[in-house]
Amino acid sequence: MSDYLSRRSFLGGLAMAALLPLTPAIFLDSAEAASVALIEPPRIRSSKGVLNLTLKADETMLPFKGSKRWALTYNGSIPAPTLVLNPGDTLNIKLANATSMMTNLHTHGFHVSPSGNSDNPLVEIMPGKSFQYTIKIPKNHASGTFWYHPHHHMFVAKQLSAGLAGAIIIEDAIDKQSEFKNSSDRVMAFADPRIGIDSSVMDTYMMDQAHGRLGENLLINGQLSPQIISKPGVVERWRILNACSSRYLNLTVENSEIWLIATDGGRLSEPIKIESIEVAPGQRAEVVIKPRRIGTHRILDGSEAVGTLKNTKQASQSFSPKLMGVIPTLAATNSRTIKILGKGLMDMGPGQDSHEMLYAFDGNKFDPSVINQVVKLGTTEDWTITNESLMEHPFHIHAWSFLVIDNGDGQPEEGLRDVVSIPPSKSVTIRLKFNDYKGLTVYHCHNLDHEDFGMMGIVQVK
Ligand SMILES: [Cu+2]
């Protein structure tokens, strides 16, 4: 992934090799010496049912590789503070926009009102202005890992990849059982910002609109190749957030068991042992990592090392938490189909006009004055998203999480999701219960350059 890192590790290895017999341990040691400990974003907790917070979105110079890089931050940190709340709490956020662009705020994955000054993606906050959000989290809200990021159409990919993102944790009684109470509960936000010294890192190129922008480095909590040092004798619980604008993650940890315990919309009914952690843009995965032996184990995205996990003592605790995830049993009373149509560069033959390049739902570019889907409050619907383009697209809808009842290969998937990837030439069916809230909200591609270019629609629940 990083030329700098692999070169540095390689040179470190060479220097050591002159003195020591060549064993793999040399490379582990040099990688370890080069690592910095993973820094967790600060956690801000609700008190007596309320969390009051001011978030200032502003330009910031951050330390990076011994120099500085330009970023957008909430309150000066990447990731932004982690907000910790309980079901039934109220989240009051005053968002102060000190950037030079319009912005707003989305509480991604929350089942809350999409209207007024709640999780309303159509709010516009001008540069220099503030907006007061009040988000009432229902008493029966799932616990899990959610996140917040800007959602102003045409600026989302720029602002998110520049750094505007933070995690939200909803906790409940199950988080207090011993397996979890003793674990290392970490937020790990993966992002691939473009690196530069000014706002030109946000520039959008034609290839970005076609494929989605990619940064040079995959960072964890804003850090390049950090090291996680395990607390002796306890398991690692990682709340993984894919905050990349378009990059899909496929994570593994060497020499370790991986147990999936929660997806986007909350806990599974029981832990599932998995071989790798696949996280589409916008998705979350809560996992428990148990190294099989003591040592320094690389964290890999595909074949690229993006960090290390060091453990000095095996986890002694048995791991058999009761998760009791809520998986609703529903029957759909209505169904509809949404087609992903369009042309990216990949789809076009020679000689075609690149300005035709556009992915869109049902061929319609986003128009804030057009309602694309009307749904009756309280109904359960099956939505089949058919991908007739040549590229994979992560489909996301606000305010309601869903079950994947057909992942494109005729198989259901575990857990509740709010993002599901639609492979090319496949149809994926999701089941949504449109309960509790009337109003307008959006569904869109979470490859955010696609969204900014118009791959979004409005759903009205009434
Ligand atoms: Cu897309």
Under 3.5 Å donor-acceptor, [X] side chain and [Y] backbone:
X	Y	value
Asp198	Ser200	yes
Glu40	Val187	yes
Asn221	Ala189	yes
Asn250	Gly302	no

Under a 4.0 Å threshold between the charged nitrogen and the carboxylate oxygen, would Arg194 count as salt-bridged to Asp208?
yes
Side chains of [X] and [Y] in contact at under 4.5 Å (non-hydrogen atoms):
X	Y	value
Asp362	Asn372	no
Asn92	Gln132	yes
Phe146	His141	yes
Cys445	Tyr359	no

Consider only side-chain N and O atoms of [X] and [Y], and report whether a donor and an acceptor are under 3.5 Å apart.
X	Y	answer
Thr73	Thr60	yes
Thr103	Gln159	yes
Asp367	Ser369	yes
His297	Asn311	yes
Ser118	Asn120	no

Determine which pairs satisfy salt bridge (charged side-chain N to carboxylate O under 4.0 Å, His left out) with at least one residue from residues 272-286, sequence neighbours left out, and list them in order.
Arg237-Glu286, Arg239-Glu286, Asp264-Arg284, Arg284-Asp418
Name the one of His398, His108, His396 that satisfies ring-ring contact (aromatic ring centres under 6.0 Å, His included) with His151?
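Single ring-ring contact (aromatic ring centres under 6.0 Å, His included) partner of His151 among His398, His108, His396: His398.
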Is there a salt bridge (charged side-chain N to carboxylate O under 4.0 Å, His left out) between Asp175 and Arg267 once you walk through the steps?
CA-CA 11 Å; Asp175 291 294; Arg267 292 192 198 94; 3.1 Å; yes
